[in-house]
Amino acid sequence: MDNGTYLILYTGELQKYGLKENVSLPEEQYRELYYEIFGKRVKKRALALLEKMDRTEKNLREKLSQNGYPEDLIEDAILYVKRYHYIDDERYADQYIAYRQKQKSALQLRQELMRKGIDRAVIERAMEQEYDSDDREKILLFLKKKGYEPEQTDRSRQQKIYASLMRRGFRSEDILSCMKCGDYLT
């Protein structure tokens with residue numbers, strides 16, 4: 001189009017509207033193509049993406065944008081799927097926390113949800129509602145899995161284990177406390 005946007009049309013659509021390169025399109029025909037044909041296509045693509053997996057609004061917006069759809073039609077598609085609750089960032093955050101809390105620390109869950117574009121207030125509400133895991137328990141399980149024993153493990157290995165737990169988002173005081181005791185051995 002003259003304004004820089006482009007629409008990818010099927011051969012049948014080109015023939016139906018008698019479109020050829022460098023030929024002007026009446027405003028009424030342009031609106032029909034843009035909103036009726038292409039607008040519906042964006043919504044169908046959004047539904048197809050959501051059919052395969054649950055997504056955040058940010059992720060769906062990125063996927064549609066990667067497919068070359070114009071921003072205003074992407075916005076219409078987002079509003080459409082939101083209206084039917086096909087995307088719901090609150091539900092996504094709840095499910096994400098519920099299913100991953102046994103493997104990940106609270107900090108790690110928060111960071112991952114923020115990267116996915118979930119609002120901080122939504123994350124905090126979901127954490128309060130869904131997160132019931134004990135980080136100390138996860139640390140102790142990790143130490144047991146690594147065969148860590150406070151008295152027999154050398155300083156270098158202790159530092160590696162400590163760093164590994166820090167990267168997983170556990171609090172320093174919890175890690176140090178668990179590394180000092182031998183509760184996990186029972």
Side-chain angles (χ1 to χ4, degrees), residues 42 45-71 74-75 77-186:
V42 177
R45 178 68 180 140
L47 290 170
L49 287 167
L50 291 169
E51 189 175 53
K52 293 181 179 146
M53 67 183 274
D54 206 12
R55 296 178 185 275
T56 63
E57 181 179 337
K58 177 185 174 191
N59 181 256
L60 182 60
R61 197 178 292 281
E62 287 171 352
K63 285 288 190 187
L64 293 172
S65 186
Q66 288 170 4
N67 288 191
Y69 295 115
E71 278 303 313
I74 291 173
E75 188 60 36
I78 296 288
L79 291 172
Y80 176 78
V81 296
K82 270 184 157 180
R83 191 173 329 131
Y84 294 101
H85 299 283
Y86 294 140
I87 58 170
D88 183 342
D89 284 355
E90 289 184 19
R91 182 188 72 224
Y92 186 93
D94 287 344
Q95 290 176 346
Y96 193 89
I97 292 166
Y99 289 116
R100 289 171 178 81
Q101 68 179 315
K102 297 296 180 204
Q103 299 88 21
K104 299 178 185 269
S105 69
L107 177 64
Q108 203 171 23
L109 289 169
R110 282 184 178 95
Q111 289 172 339
E112 288 174 3
L113 287 169
M114 285 177 57
R115 275 194 298 273
K116 290 177 178 289
I118 306 288
D119 183 68
R120 188 179 302 267
V122 171
I123 295 170
E124 290 310 313
R125 187 213 45 81
M127 288 296 289
E128 287 174 17
Q129 194 169 344
E130 296 294 328
Y131 193 78
D132 62 0
S133 192
D134 180 14
D135 282 354
R136 289 179 51 83
E137 189 177 303
K138 288 181 217 166
I139 294 168
L140 293 171
L141 189 64
F142 180 86
L143 293 173
K144 182 177 182 179
K145 184 176 151 187
K146 293 294 180 184
Y148 176 81
E149 294 183 28
E151 294 82 27
Q152 282 85 15
T153 306
D154 65 39
R155 183 101 171 113
S156 171
R157 184 145 165 19
Q158 284 178 348
Q159 289 173 336
K160 285 180 184 177
I161 290 172
Y162 175 84
S164 180
L165 287 164
M166 285 296 291
R167 283 191 300 275
R168 285 175 168 76
F170 295 107
R171 295 176 345 145
S172 179
E173 54 269 16
D174 289 342
I175 297 168
L176 293 172
S177 169
C178 290
M179 287 179 84
K180 287 178 184 172
C181 72
D183 294 345
Y184 57 88
L185 298 173
T186 57

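All heavy atoms count here, side chains included; hydrogens, waters and symmetry mates do not. Keep in mind the model is a prediction, meaning the values are calculated, not measured.
- Atom CZ in R45 sits 9.5 Å away from atom CG in L60 (nearest 0.5 Å).
- The pair K58-D89 fails the salt-bridge criterion, with no side-chain N (NZ, NE, NH1 or NH2) lying under 4.0 Å from an Asp/Glu carboxylate O.
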Would you list the atom pairs, donor with acceptor, under 3.5 Å between side chains in residues 159-166 and any protein atom, with sequence neighbours excluded?
unit_1: Y162; atom_1: OH; unit_2: S172; atom_2: OG; d: 2.6
unit_1: S164; atom_1: OG; unit_2: R168; atom_2: NH1; d: 2.5

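- With rounding to the nearest 0.5 angstrom, the CD atom of Q158 is 10.0 Å from the CG atom of L176.
- Put simply, CZ on R136 and CD on E173 are 10.0 Å apart, with the number rounded to the nearest 0.5 Å.
- Applying the salt bridge (charged side-chain N to carboxylate O under 4.0 Å, His left out) rule to E151 yields no partners; only residues at least two apart in sequence or on another chain are considered.
- Taking NZ of K138 as the start and OG of S105 as the end, the distance is 6.5 Å to the nearest 0.5 Å.
- Ion pairing between a basic and an acidic side chain is recognised when a charged N comes within 4.0 Å of a carboxylate O; E112 and K104 show such pairing.
- Residues satisfying the salt bridge (charged side-chain N to carboxylate O under 4.0 Å, His left out) test with D119, not counting sequence neighbours, are none.
- Scored by the salt bridge (charged side-chain N to carboxylate O under 4.0 Å, His left out) test, E57 finds R61, K82 as partners (sequence neighbours excluded).
- A 4.5 Å side-chain heavy-atom check between F170 and Q108 finds every atom pair outside the cut-off.
- Atom CD of Q101 sits about 12.5 Å away from atom OH of Y96, to the nearest 0.5 Å.
- For the salt bridge (charged side-chain N to carboxylate O under 4.0 Å, His left out) test, no residue two or more places apart in sequence or in another chain qualifies with E71.
- Remark: F142 pairs with no residue by the ring-ring contact (aromatic ring centres under 6.0 Å, His included) rule, at least two apart or across chains.
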How far apart are the C-alpha atoms of D135 and Y131, what are their side-chain angles, what is the distance that settles it, and do they pass the side chain to side chain donor-acceptor pair (under 3.5 Å) test?
CA-CA 11 Å; D135 282 354; Y131 193 78; 2.4 Å; yes
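- Here the side chains of E124 and R110 are in contact, with some heavy-atom distance below 4.5 Å.
- Contact check for L47 versus Y80: side-chain heavy atoms found under the 4.5 Å cut-off.
- Taking CE from M114 and CD1 from I118, the interatomic distance works out to 11.0 Å, rounded to the nearest 0.5 Å.
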